[in-house]
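Working notes for the structure below.
First listed ligand is number 1; within each ligand, the first listed atom is number 1.
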Amino acid sequence: MNPMRRLIAGLPSQLRWAADLEPPRVDAAAEALVLGMGGSAFAGSVAALVAEAAGRRVVVHRSYGLPLWAAAARPLVVAVSYSGGTKETLDALEQARSAGLPLAMVGGGGELAALAAAGGRPMVQVCAPPPPRSAAGCLAGAVLRVFEAAGLVPPQAAGLREAADVVERLVGEGTGPAVALADDLAAALDHRVAVVYGAEGVGALAAYRWKTQINENAKAIAYCSSLPELDHNEIEAWSTYPGISRDRIGVVWLRDPSDDARLARRSDVTRDLLAGRVGLAGEVHAQGEGLLARLFSLVVIGDLVSVSLAERAGVDPMAVEMIASLKERLAGEGL
Ligand code: PA5
């Protein structure tokens with residue numbers, strides 16, 4: 001079995017690890033700012049979605065520095081970096097430290113862990129083997145448990161366990177029903193640019209994860225957009241080059257049964273309007289009751305699609321040579 005498939009099959013145990021985690025001690029907070037890039041930032045986006053559903057504001061910052069509002073608003077700052085060495089995240093963290101903001105860290109070690117230890121800051125050390133994008137269950141679960149400790153979200157253990165059960169049913173030991181579904185979707189997307197659509201909330205975040213996983217694992221271009229925004233611009237874009245729209249692009253719709261009824265109706269009508277104009281690769285429906293189960297049920301199928309696409313293309317889903325060489329070149333300049 002491709003090692004990446006084995007890592008994907010490990011997602012339920014990551015979610016259970018997070019459910020069993022003893023959350024670190026952090027002060028109560030009214031809002032949070034998550035610092036992170038790539039796979040680590042995704043963990044922040046998952047936690048932000050859960051916090052928003054609980055009525056709390058969480059912003060995910062994916063760059064150097066800090067947003068200007070942070071110094072005055074004084075949010076809880078949670079720096080997430082699997083490697084612990086991502087320059088943008090460390091720079092933002094240093095600025096948060098200088099501004100005296102409350103800090104917590106989530107990661108696998110490196111400079112981030114050293115800074116946490118030196119400053120006596122709360123840190124959750126994640127459990128999963130590399131690469132960072134395969135540690136989504138640990139990273140997101142750990143950020144959520146930090147949020148829980150800060151009073152930003154209600155207790156998370158039950159939601160994490162439900163997500164683990166749903167993903168386990170879908171993937172099993174790597175032979176569950178999601179595997180065949182993902183292989184079929186990958187066959188439909190083969191040699192096409194994947195465009196993944198979902199409605200704001202669970203669908204949109206899952207669509208973003210599909211895009212980034214296809215980028216990194218399959219080394220292929222993919223895009224995502226969300227409803228209702230795409231109804232105000234992107235639906236016009238399928239007409240001018242019909243050959244490309246139908247033959248070179250594959251659209252996947254991610255549907256969440258808990259979508260607001262107005263968004264669900266928009267998805268149906270938009271899909272109808274685009275029928276025949278776009279290469280439709282398929283539609284995937286979220287499973288489970290809670291937000292985390294619904295989200296990770298879509299995420300895991302996207303992860304499997306990305307590996308299946310990598311296998312079809314004969315590329316190694318584990319390797320990220322471009323990212324590694326870019327980091328290496330910029331490290332010489334302190335970036
Ligand atoms: O999935 C990946 O490998 C990347 O997207 C990384 O997550 C990203 O480069 C940031 O690295 P880290 O997660 O170690 O901070």
* **Quiz item: cation-pi between R209 and F42, 6.0 Å / 45°** => yes
* **Which residues share a disulfide bond (SG atoms under 2.5 Å apart) with C138, sequence neighbours left out** => C127
* Structure fact -> Of all heavy-atom pairs linking A207 and G198, the shortest is CB-N, 4.2 Å
* Asked: V58 and A51: which non-hydrogen atoms are nearest, and at how many Å?
  -> CG2-CB, 3.5 Å
* Asked: With distance as the sole test, does S40 use its side chain to make a donor-acceptor pair with the main-chain N or O of Y82 at under 3.5 Å?
  -> yes
* **Side-chain heavy-atom pair R255, D268 within 4.5 angstrom cut-off** => yes
Nitrogen or oxygen contacts under 3.5 Å, ligand 1 side and protein side:
residue, atom, partner, partner atom, Å
ligand 1, 1 (O), R133, N, 3.4
ligand 1, 1 (O), E216, OE1, 3.1
ligand 1, 1 (O), E216, OE2, 3.3
ligand 1, 3 (O), R133, NH1, 3.2
ligand 1, 3 (O), E216, OE1, 3.3
ligand 1, 5 (O), G39, N, 3.1
ligand 1, 5 (O), E216, OE2, 3.1
ligand 1, 7 (O), G39, N, 2.9
ligand 1, 9 (O), K327, NZ, 2.9
ligand 1, 11 (O), T86, OG1, 3.1
ligand 1, 13 (O), S40, OG, 2.5
ligand 1, 13 (O), Y82, N, 3.4
ligand 1, 14 (O), S83, N, 2.8
ligand 1, 14 (O), S83, OG, 2.6
ligand 1, 15 (O), S81, OG, 2.6
ligand 1, 15 (O), T86, OG1, 2.5

